[in-house]
Amino acid sequence: MEKEKTYTNFIQKIIEEHHISGRFNQKVHTRFPPEPNGYLHIGHAKSIILNFTLAEKNGGLCNLRFDDTNPIKEEDEYVKSIMEDVKWLGFDWENRLYYASDYFDQMYDFACKLIEDEKAYICDMTGDEVRASRGSLTEAGQASPYRNRTPEENLKLFSEMRAGKFPNGSHTLRAKIDMSHPNLNMRDPVMYRILHANHHRTRDKWCIYPMYDWAHGLEDSLEGITHSICTLEFEDHRPLYDWYLKQLDVYHPQQIEFARLNLSFTIMSKRWLKKLVDGGHVSGWDDPRMPTISGLRRRGFSPESIRKFAEEIGVAKRENTVEMNLLEHSLREDLNKRANRVMGVIDPLKVVISNYPEDRIEYLDAINNPEDADAGSRKVAFSKELYIEKSDFMEEPFRKYFRLAPGKEVRLRYGYYITCTDFIKDENGEVIELHCSYDPKTKGGSSPDGRKVKGTIHWVSASENIEAEVRLYDRLFTEPNPGKNDDLASTLNPDSLIVRKKCFIESEMKNANNGEYYQFERLGYFSLDRIDSNPEQLVFNRSVALRDSWKKIEKGFQTGQK
RNA sequence: UGGGGCGUCGUCUAACGGUAGGACACCUGGUUUUGGUCCAGGCAGUUGGGGUUCGAUUCCCUACGCCCCAGCCA
C-alpha cells in the first residue's frame, strides 16, 4: 500500500498548505482557459490534465473557459475543436462551460469603479507614444499627459469609447499604477483597447475589449476559482493580477505558474506549427506527425497513453524538454495490454511453398493477444503462396540473423516451419521470390521432435488477404531541439512519412474499426486513418513501432564487423 | 549591470535538515511461437565556493549558468 504512488507536485503541496491555513475553505476549483485561436497540442494536454486531475484528486471541480477577449484572432471553429479535444482526453466540464465574453458587462462595470476610484484613466496616446513613454528595462517610464483627468471626464470618455465614437487605437483605458515600477507590467497597463471587430459570440455589441491581465483575474474571481494555474511567462503578471483584484476588493484566487512542456524532436509554438501547415510541410493541423492533440489522435495515440504520459512527466517550475521516447513508451505500454494482434506485410516478398498442395487452404488458429487471455483467437488462412517481409530474407545473412536465408529454417507464426530452398532475382539483382519447403508435422508452429527454430516471422496468404495502404511515421525533425534553430525547414526529417501502397493484411482486418488499436505483429501499433481510410481503400497509420533490439545489432554488422 | 524565475543521473521527476529514490533511455543476463512483452541485475546525478549544523539536495551568503518581461497578444 505504501508503494501506492501519491500524486505529488508543488501545486498539490500549495493546495495542501491552503487546506491547513483554511484560505479557500478546503475548496479546490480550477479552470482550463484556452484562447480559441488555434488547435490544442500536447503541451495544452499537460495543462488540461493538470487542472482537471488536481480538482478531481482534491474533491473539486474544473471549468472549461474560453478566454475570448481578442475578436481579431478568435473563431468558433477553434472552440469546437478544443471542446472535442478536451472530451477526447476524457474530461467533463459538465455544465461549467464559460466564455470571457460572458463577463464583458461586468468587466465594464468594474472598470467604471476603478475610474471612479481614480485608479484608471483614458489615455489618448497612440501605441507608439505609449511604447516610447514606458521606459526601458533600466529606465523609468514617463507619465501620460492624460493621467490626471477627472473621474467624470474619464467616465464620459469611456462610455464614448464603448459607444463607438472613436477609431481603433485612438484611446485606451489604462490603470493608474506606477510608471517607474521595476516590473514593466505595472507601468500603467492598458485595460481596454478599441477594436471595431466582429466577435465570434458578442458580434458587434462591443468595440472595446479587455486586455488579458484585466480580464483574466476577473474571470477567475467571478467563477470562484481557487487556484489559477498558468505557465511561467505569466509570473511577471501576477502582481498585476493581484493588484486589480485588490483594488476591486473582490474574491481573490491564487495564481500559480508551472513550466510548459517541451518535447524533443518537435515544436510546440503555435507560430511554428502554423508555418508547418501553411508551408505544406504537413497535411494540416491534424497531420499524424503534428504534436497537436488532433494529430496524435489521428496518429493512433490513445487518450489513456497521453494521460499516463502527463503523469510521468510531472509538474515543476524548471524548464524541461521531455524525450519523445517517453511519449512513445506510454503508448506502447497502454496498447501492449489491449491491442489485438494481427499479421500484415508492409514490404511484400512472395514465397512459394513447393511441397504444399496447389489448391489447399488451411485455417490456422492465431491468438489475438498473448497479454489478454480474454481476447480469444481467430483463424488465419494458409496457402501455397504467401507474402513475407522483404527484410525477413537475406541472401548472405549476418552472423546472428535468425530469419530466412538459403537453406535456413524459420517458423511462420502460427503456421509451419519452412526452409528456403531457392530464390529468384530480377534483372536488377533484387530478390523477388523465394521457394521454400514446409514441414507438415510443424502445423501451428511447433515440431514434435522439439528441434529449435530461433526465428519466427509473420506472413500473409497470397490468396486470402486484403490490400491496404500503410503510412509509417517518424519524428518530424532531425534535431532534438528544432525550436532553437531559426531555419526550421532545414531540420525537417525528409523521412517523417513513408507511404507503403500495396500492403497485405490478413483478411480478418476487413472488420477493422475506426478508432480501434491494432498491433501488426513485429511491426508496431496501427490504427485506421480516420480521414483517408474507407472500406474500399483501407489506410493504416503506424502510431509507433515496437521496440526493436535487432535494429541495433544490425547496425553494428552493417557499420563494423560482419 | 531593472525586475521576475530556475539549476538533482543522458532526459523527466522525488526526497519534515537524517541511507539521494522512481520512470524513460542505455547496458547485462533469463524466459519467450512477436529480435515484442515479462523477469532479474547494472550504469548514472545534487552548478561552483564559503557558512550554519552532529548531519545540508534542503537553511544562509556568494559566484556562475539558463529562461521570461519594454503588444492597444494571450
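So you know, we letter chains A, B, ... as the sequences are listed, proteins then strands, and number each from 1.
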Report the secondary structure of RNA chain B in dot-bracket form, marking unpaired bases with a dot and bases paired to a different strand with |, and treating Watson-Crick or G-U pairs with both distances under 3.5 Å as paired. .((((((..((((....[..)))).(((((.......)))))....(((((..]....))))))))))).....

Please confirm whether any donor atom in the side chain of A/Glu139 sits under 3.5 Å from an acceptor in the base of B/G2, or the reverse. no

Comparing A/Glu319 with A/Gln519, nearest RNA chain B nucleotide closer to 5' gives the residue A/Gln519

Judged by nearest nucleotide, the residue sitting upstream toward the 5' end of RNA chain B, A/Asp236 or A/Lys552, is A/Asp236

Taking the basic N atoms (NZ, or NE/NH1/NH2) and the acidic carboxylate oxygens, is any pair closer than 4.0 Å for A/Glu371 and A/Arg338? no

Would you call A/Asp242-A/Arg238 a salt bridge at under 4.0 Å N-O? no

Need one value for [X]: base, sugar-phosphate or nothing, where a base atom within 4.0 Å counts as base even if backbone is also close, heavy atoms only.
X: A/Tyr401; value: base
X: A/Ser446; value: base
X: A/Arg238; value: nothing
X: A/Glu521; value: base
X: A/Lys46; value: nothing
X: A/Ile313; value: sugar-phosphate
X: A/Pro370; value: base
X: A/Glu554; value: nothing
X: A/Lys400; value: base

Would you confirm whether the ring centroid of [Y] sits within less than 6.0 angstrom of the ring centroid of [X]?
X: A/Phe520; Y: A/Tyr525; result: no
X: A/His171; Y: A/Phe158; result: no
X: A/Tyr387; Y: A/Trp459; result: no

Whole-Å distance separating the CD atom of A/Glu257 from the C1' atom of B/G5: 9 Å

A/Ile457 has an atom CD1; how far is it from atom C1' of B/U34, in whole Å? 12 Å

In terms of base orientation, is B/G30 syn or anti, with the syn window spanning 90° either side of 0? anti

Can a cation-pi geometry be assigned to A/Lys443 and A/Tyr416, taking NZ or CZ under 6.0 Å from the six-membered ring centre and within 45° of the ring axis? no

Would you please name every residue forming a side-chain contact (heavy atoms from CB on, under 4.5 Å) with A/Lys165, sequence neighbours left out? A/Glu160

Say we look at B/U47 and B/A56: how far apart would their P atoms be, to the nearest angstrom? 15 Å

Euclidean distance for C1', B/A40 against B/U8 (whole angstrom): 28 Å

Quick check on A/Gln142: does its CD atom have over 12 non-hydrogen neighbours (other residues, nucleotides or ligands) under 6.0 Å away? no

What's the closest nucleotide to the side chain of A/Leu326 if the choices are B/U34, B/A23, B/G4? B/A23

Acceptor/donor pairs from residues 9-21 of chain A side chains to any protein atom, 3.5 angstrom cut, sequence neighbours excluded:
{"unit_1": "A/Asn9", "atom_1": "OD1", "unit_2": "A/Ile11", "atom_2": "N", "d": "2.9"}
{"unit_1": "A/Asn9", "atom_1": "OD1", "unit_2": "A/Gln12", "atom_2": "N", "d": "2.8"}
{"unit_1": "A/Gln12", "atom_1": "OE1", "unit_2": "A/Asn58", "atom_2": "ND2", "d": "2.9"}
{"unit_1": "A/Gln12", "atom_1": "NE2", "unit_2": "A/Glu16", "atom_2": "OE2", "d": "2.7"}
{"unit_1": "A/Gln12", "atom_1": "NE2", "unit_2": "A/Asn58", "atom_2": "OD1", "d": "3.1"}
{"unit_1": "A/Ser21", "atom_1": "OG", "unit_2": "A/Glu17", "atom_2": "O", "d": "3.4"}
{"unit_1": "A/Ser21", "atom_1": "OG", "unit_2": "A/His18", "atom_2": "O", "d": "3.3"}
{"unit_1": "A/Ser21", "atom_1": "OG", "unit_2": "A/Arg23", "atom_2": "N", "d": "3.3"}

With the sugar-phosphate defined as primed atoms, P, OP1 and OP2, and the base as all remaining atoms, what B/S/- string results for nucleotides 37-45 of chain B, 5' to 3', for protein heavy atoms under 4.0 Å? B--------

Once you measure the plane-to-plane angle for A/Phe540 and A/Phe526, does it fall in the parallel (<30°), tilted (30-60°) or perpendicular (>60°) bin? perpendicular

A/Arg193 meets the salt bridge (charged side-chain N to carboxylate O under 4.0 Å, His left out) criterion, sequence neighbours left out, with none

Report each atom pair, protein N/O against N/O of nucleotides 70-74 of chain B, whose distance is under 3.5 angstrom.
{"unit_1": "B/A70", "atom_1": "O2'", "unit_2": "A/Arg134", "atom_2": "NE", "d": "3.2"}
{"unit_1": "B/G71", "atom_1": "OP2", "unit_2": "A/Arg131", "atom_2": "NE", "d": "2.9"}
{"unit_1": "B/G71", "atom_1": "OP2", "unit_2": "A/Arg134", "atom_2": "NH2", "d": "3.4"}
{"unit_1": "B/C72", "atom_1": "OP1", "unit_2": "A/Arg134", "atom_2": "NH2", "d": "3.2"}
{"unit_1": "B/C72", "atom_1": "OP2", "unit_2": "A/Arg134", "atom_2": "NH1", "d": "3.3"}
{"unit_1": "B/C72", "atom_1": "N3", "unit_2": "A/Gly169", "atom_2": "O", "d": "3.4"}
{"unit_1": "B/C72", "atom_1": "N4", "unit_2": "A/Met125", "atom_2": "O", "d": "2.6"}
{"unit_1": "B/C72", "atom_1": "N4", "unit_2": "A/Gly127", "atom_2": "N", "d": "3.2"}
{"unit_1": "B/C72", "atom_1": "N4", "unit_2": "A/Gly169", "atom_2": "O", "d": "3.0"}
{"unit_1": "B/C73", "atom_1": "OP2", "unit_2": "A/Arg193", "atom_2": "NE", "d": "3.0"}
{"unit_1": "B/C73", "atom_1": "OP2", "unit_2": "A/Arg193", "atom_2": "NH2", "d": "2.9"}
{"unit_1": "B/C73", "atom_1": "O3'", "unit_2": "A/Arg193", "atom_2": "NH2", "d": "3.1"}
{"unit_1": "B/C73", "atom_1": "O2'", "unit_2": "A/Asn70", "atom_2": "ND2", "d": "3.2"}
{"unit_1": "B/C73", "atom_1": "O2'", "unit_2": "A/Lys73", "atom_2": "NZ", "d": "3.1"}
{"unit_1": "B/A74", "atom_1": "OP1", "unit_2": "A/Thr69", "atom_2": "OG1", "d": "2.7"}
{"unit_1": "B/A74", "atom_1": "OP1", "unit_2": "A/Arg193", "atom_2": "NH1", "d": "3.3"}
{"unit_1": "B/A74", "atom_1": "OP1", "unit_2": "A/Arg193", "atom_2": "NH2", "d": "2.9"}
{"unit_1": "B/A74", "atom_1": "OP2", "unit_2": "A/Tyr212", "atom_2": "N", "d": "2.9"}
{"unit_1": "B/A74", "atom_1": "O3'", "unit_2": "A/Asp67", "atom_2": "OD2", "d": "2.9"}
{"unit_1": "B/A74", "atom_1": "N6", "unit_2": "A/His237", "atom_2": "NE2", "d": "3.3"}

Would you mind telling me which of A/Glu521, A/Arg413, A/Arg522 makes a side chain to side chain donor-acceptor pair (under 3.5 Å) with A/His458? A/Arg522

Looking at A/Arg318, I'd like to know whether one of its side-chain N or O atoms comes within less than 4.0 Å of OP1 or OP2 on B/A14. yes

Is any side-chain nitrogen or oxygen of A/His329 closer than 4.0 Å to OP1 or OP2 of B/C24? yes

